[in-house]
Amino acid sequence: QVQLVESGGGLVQAGGSLRLSCAASGPAFSSHAMGWWRQGPGRERELVARISRSGGRTAYADSVQGRITISRDNAKNMLYLQMNSLEPEDTAVYYCAADSSYWGVTADSAVDYWGKGTLVTVSS
């Protein structure tokens, strides 16, 4: 059982930055691909970014490409999401997710473990 706890959310003005963190506990963090998902008001949950087990491969949603960076520290069992140039449309609850694939899944039904989420609010 992998337990995930997000932190770092909050209120920020448009154009600002936030860094989200996800602390993982349980067996073999490095054996799981990781992802950040989000669900905005009235929207379905969507994949924001994913990272492979080793951290060597990453991918981003088109809507955040160039503004957001996902990273992980397997020695510390930590996942990060650096968000820059935030827009009001980025307002959402952000979830950390883990799955047993190498590269990361793109369907939320395939995620094995979820955090409880952290709220990011971007004001205009």
Side-chain angles (χ1 to χ4, degrees):
Q1 184 84 9
V2 176
Q3 297 178 330
L4 304 171
V5 180
E6 303 94 337
S7 61
L11 175 64
V12 63
Q13 288 188 332
S17 298
L18 279 176
R19 188 193 195 204
L20 305 184
S21 299
C22 173
S25 60
F29 175 70
S30 60
S31 295
H32 293 82
M34 301 297 295
W36 283 101
W37 297 70
R38 69 184 181 186
Q39 187 166 19
R43 299 182 179 181
E44 295 186 353
R45 186 158 49 188
E46 62 174 345
L47 177 63
V48 175
R50 56 185 170 132
I51 188 167
S52 62
R53 293 180 182 181
S54 67
R57 295 181 68 187
T58 59
Y60 300 92
D62 289 344
S63 59
V64 303
Q65 184 76 44
R67 300 188 295 118
I68 287 181
T69 303
I70 188 172
S71 61
R72 66 189 295 165
D73 185 337
N74 286 346
K76 296 181 179 179
N77 284 11
M78 293 293 295
L79 177 73
Y80 304 101
L81 190 71
Q82 178 65 46
M83 304 190 294
N84 301 322
S85 302
L86 284 164
E87 304 168 352
E89 293 73 22
D90 295 317
T91 294
V93 177
Y94 284 72
Y95 298 93
C96 174
D99 68 82
S100 58
S101 74
Y102 174 78
W103 181 198
V105 298
T106 58
D108 59 2
S109 59
V111 169
D112 295 317
Y113 304 102
W114 292 99
K116 293 185 177 181
T118 186
L119 176 63
V120 172
T121 303
V122 184
S123 63
S124 58

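These figures come from a predicted structure and were not determined experimentally.
In terms of hydrophobic clustering, with Ile, Leu, Val, Met, Phe, Trp and Tyr side chains grouped at heavy-atom distances under 4.5 Å, V64 and L47 are assigned to different clusters. M78 and F29 are not part of a single hydrophobic cluster, where members link through side-chain heavy atoms under 4.5 Å apart.
Between L81 and the options V120, I68, T118, T69, a side-chain contact (heavy atoms from CB on, under 4.5 Å) holds for only I68.
Considering every non-hydrogen atom in both S52 and G56, the closest pair reads OG-N, 3.3 Å. In terms of heavy atoms, Y60 sits closest to A49 at CD2-CB, 3.6 Å. Nearest heavy-atom pair, A97 versus V111, reported as atom, atom and distance to 0.1 Å: CB-CG1, 3.6 Å.
Note that R45 lies in the cation-pi zone of Y95, set by a 6.0 Å cut-off to the ring centre and a 45° limit from the axis.
Atom-to-atom distance recorded for R72:CZ and C22:SG is 10.0 Å, nearest 0.5 angstrom. In this structure, CZ on R38 lies 14.0 Å from CD on E44, to the nearest 0.5 angstrom. Of the inter-residue distances, the one linking D99 atom CG with R53 atom CZ reads 8.5 Å to the nearest 0.5 angstrom. One finds the CH2 atom of W36 at 10.5 Å from the OH atom of Y80 (value rounded to the nearest 0.5 Å). Note: R57 CZ to I70 CD1 = 13.5 Å, rounded to the nearest 0.5 Å. Considering CE of M34 and CG of L79, their distance stands at 4.5 Å, rounded to 0.5 Å.
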(Q) Using side-chain contact (heavy atoms from CB on, under 4.5 Å), reason through D108 and W114 one step at a time and then give a plain yes or no. (A) CA-CA 10 Å; D108 59 2; W114 292 99; 3.6 Å; yes
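Between Q1 and Y113, the closest side-chain pair of non-hydrogen atoms falls below 4.5 Å. Contact annotation: the side chain of V48 never approaches that of W37 to less than 4.5 Å [non-hydrogen atoms, C-beta and beyond]. You'll find the side chain of R50 reaches within 4.5 Å of the side chain of T106, heavy atoms only.
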N/O donor-acceptor pairs under 3.5 Å from side chains in residues 2-21, not counting sequence neighbours:
residue : atom : partner : partner atom : Å
Q3      : OE1  : S25     : OG           : 3.4
E6      : OE1  : K116    : N            : 3.1
E6      : OE1  : G117    : N            : 2.9
E6      : OE2  : C96     : N            : 2.8
E6      : OE2  : G117    : N            : 3.2
S17     : OG   : N84     : OD1          : 3.0

